[in-house]
Amino acid sequence: MSKVYQEIEKIFTTGIAEEYLGEDVKLVEHMLQCGDLAKSAGAPDYLVIASLLHDIGHLLVDDALSAQDAGIDMHHDVVGAKWIEERFPSTVSEPVRLHVAAKRYLVTTNHDYLSKLSHASVQTLYMQGGPLNQDEVVEFIAREGAEDAVRVRLWDDQAKVRDKQTSVLADFKEAIDSLTRS
Ligand SMILES: [Fe+2]
């Protein structure tokens, strides 16, 4: 069994009870739902794993919930991407790094998008800087992994269904093993 898979398994197991900051699902459940949505959409393995791991930053930071209550942005996108880039190719880490910026991009460029966001997600949007300006839109879309980040983001927004049956982490093991450098 690969070392990286074991690390992820430990993080998911330890964080199993972790709440997802004001949402109706637990965080780990949300991440599994997101990975499943990417898989059902026929996404390549790197993007399925980016979707599965996109919120891992929340599980790596102590006390994410009280930070949010206090209005502090813990930058889980950056924390997660940093952890991932030490273990996976940039095709996996960059969409994770940009998945919060992708929300800001979508709010700016797609008028219906904001109305589809959950209450908690609208709340954090402003903590995360709100809509992008025109220069930032151009800058965002030119970054590595930006388009993939938008795809992850759209699955992310849908992956909040209470009591939905999901895959288990082991179902992603083969893809994780094939992507990890060891
Ligand atoms: Fe998420």
Side-chain angles (χ1 to χ4, degrees), residues 8 11-41 43 46-69 71-85 88 91-107 110 113-130 132 140 145-169 171-172 175-176:
I8 295 170
I11 292 166
F12 272 50
T13 309
T14 314
I16 193 82
E18 199 86 32
E19 297 292 341
Y20 179 25
L21 316 166
E23 301 286 0
D24 237 8
V25 288
K26 301 271 188 203
L27 195 54
V28 167
E29 212 183 328
H30 163 67
M31 292 164 74
L32 289 167
Q33 282 186 26
C34 197
D36 279 348
L37 286 166
K39 213 195 281 180
S40 334
Y46 76 85
L47 202 51
V48 170
I49 300 308
S51 301
L52 174 75
L53 300 180
H54 77 278
D55 272 342
I56 198 162
H58 279 312
L59 298 173
L60 298 169
V61 175
D62 283 344
D63 230 3
L65 197 59
S66 48
Q68 167 145 325
D69 284 347
I72 299 163
D73 185 352
M74 301 293 277
H75 299 286
H76 75 282
D77 43 351
V78 180
V79 173
K82 194 172 178 306
W83 189 92
I84 292 167
E85 79 183 349
F88 288 89
T91 50
V92 182
S93 62
E94 296 320 285
V96 173
R97 187 185 314 280
L98 296 182
H99 83 277
V100 171
K103 174 168 75 169
R104 300 177 62 201
Y105 169 81
L106 281 162
V107 165
N110 177 340
Y113 179 72
L114 184 64
S115 64
K116 291 184 195 134
L117 286 178
S118 67
H119 178 69
S121 203
V122 173
Q123 268 193 324
T124 51
L125 169 68
Y126 293 98
M127 228 159 79
Q128 291 156 345
L132 300 179
F140 168 79
E147 283 178 30
D148 284 334
V150 170
R151 299 186 74 191
V152 171
R153 186 69 226 185
L154 294 170
W155 294 318
D156 180 5
D157 297 326
Q158 292 171 50
K160 297 176 177 179
V161 181
R162 194 178 189 158
D163 297 329
K164 189 178 177 188
Q165 191 75 30
T166 66
S167 300
V168 292
L169 183 64
D171 297 321
F172 297 95
I176 291 169

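Numbering of ligands and ligand atoms starts at 1, following listing order. What you see below is based on every heavy atom in this structure, not just the backbone, and it leaves out hydrogens, waters and symmetry mates. These numbers were taken from a predicted model, which means no experiment stands behind them.
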N, O or S atom within D55 nearest to the Fe ion (ligand 1), by name: OD2
Heavy atoms of other groups near K82 NZ, more than 12 under 6.0 Å: no
Geometric class of the H54/H99 ring pair [parallel <30°, tilted 30-60°, perpendicular >60°]: perpendicular
Side-chain H-bond candidate by donor/acceptor type, D36 with S167, under 3.5 Å: yes
Neighbour count >12 (heavy atoms, 6.0 Å) for atom CD, Q158: yes
D156 atom (N/O/S) at minimal separation from the Fe ion (ligand 1): OD1
N, O or S of H54 under 2.8 Å from the Fe ion (ligand 1): yes
Heteroatom test (N, O or S) for C34 near the Fe ion (ligand 1), limit 2.8 Å: no
